[in-house]
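Below: one structure, written as structure tokens.
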Amino acid sequence: MSKHLLLVDDDPVLLDSLRRRIHARRPTWKLTCADRSITAWEKLLECVCDALVVDIWMPGLSGLELLERVRMAERTHDLPVVVLTGLSHQRLKQRAMELGASDLLNKPVDTEQLLATLDGLLSAAGEAENAPRNEAAKPQRHARRAQLWSRLELVCRLARLADRGQEEGANHAIRVGCSSGALAEQMGHGVGLQERLLLAAPLHDIGNIAIPQQILEKPGPLDPAERAVVEGHCLIGERLLRDPEYAPYPGLVPGLVKCRDTAEDPFLLTAATIALTHHEHWDGSGYPRGLAGMKIPLEARIVAICDAFDALTSRRSYRKPHSEMEALRIIDESGESQFDPAVRQAFHEALPEIRAVREEFADGVAAFPELEKE
Ligand SMILES: [Fe+2]
Ligand SMILES: [Fe+2]
């Protein structure tokens, strides 16, 4: 079926070049161009569009402000949006992801990469469109998860290496990934953010890999020095995911693998961001940076509540699991200071799906049975 794309760039030469290159490869697609974000927004309100490709830097309303409007509006909040950025604009890339960009591509744009990205986003959007967001949408969500299964398994196996304080057979990492994706969906964020969370959230505690086992598994409360060591897992995790030359153990030889710059890879960037900021609190009392409110990246605000709920309802070496009701009471009591109120509200609304994730990946149940049979 023919698709309708809206291309937005204030540079008329680049805009026309983009239009011609896409048209040459996808002649059936309808392509509408806009040289200002505000013009694009007006077009989005008056016609049906299947995807938006937008530059960040534009006079007047910026590409990021347009993205924000798209995600806030009922009519457009699910629209796939590809954001085009300069290579080195790491902060802007992070902001675009926080605002719900479906994908990021560097300028100058590689046509093949753009078309592959658009093909993937349009087919995922088509699947989601065919099923409303209710019980009937579950098979589509699960089908998308199945497509990512082998990557998810790899990520969760790595996460388990770091999670040495957990009970044998614990599936905490995969539950945090699946719950975070479900919560992002409940909040109205697109498939791009849901999938990044699914794959990146399990690595939130990867920094624990460098924390001494006797501290991680200590049955009683930690003393101040031990607590400082444990809190270091955020910085260690972020560096492990961001810096290919970082070696957290003495004697480990770093930098043998040629890695892409983390800033170019939305998955690595999301994982590093979550590892660094998942213990920040809404009122600024968290660590390691003491960030408050919306300064805490959206991904971390989502993962923080899923991680806390799952940890409370899981068995630990030093305590029994809390019941769901008890865990919700604890989260609501500490909620005002610790969690984003909008995320907390959405978490309550997403509880049926979160409960389903807990049942599907209960501790002691093989999380990847198909792969384990091979
Ligand atoms: Fe943590
Ligand atoms: Fe955790």
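Whatever order the structure lists ligands and atoms in, that order sets their numbers, starting from 1.
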- [ ] Could you tell me whether Arg289 and Glu280 make a salt bridge, using a distance below 4.0 angstrom between a side-chain N and a carboxylate O?
- [x] no
Open item on the list: Looking at Asp9 and Arg36, is there a salt bridge between them, counting it only when a charged N and a carboxylate O are closer than 4.0 Å?
Closed with: no
Open item on the list: Between Arg329 and Glu333, does any NZ, NE, NH1 or NH2 come within less than 4.0 Å of an OD or OE carboxylate oxygen?
Closed with: yes
Open item on the list: Within this structure, what is the CG-CZ distance for the pair Leu198 and Arg151, rounded to the nearest 0.5 Å?
Closed with: 9.5 Å
Open item on the list: Whether Asp16 and Arg19 form a salt bridge (side-chain N of Lys/Arg under 4.0 Å from carboxylate O of Asp/Glu) is what I want to check.
Closed with: yes
Task: Distance criterion under 2.8 Å: protein N/O/S atoms around the Fe ion (ligand 1) - done: 4
TODO: Give a yes or no on whether a salt bridge exists between Arg355 and Glu359, defined as a side-chain N under 4.0 angstrom from a carboxylate O.
DONE: no
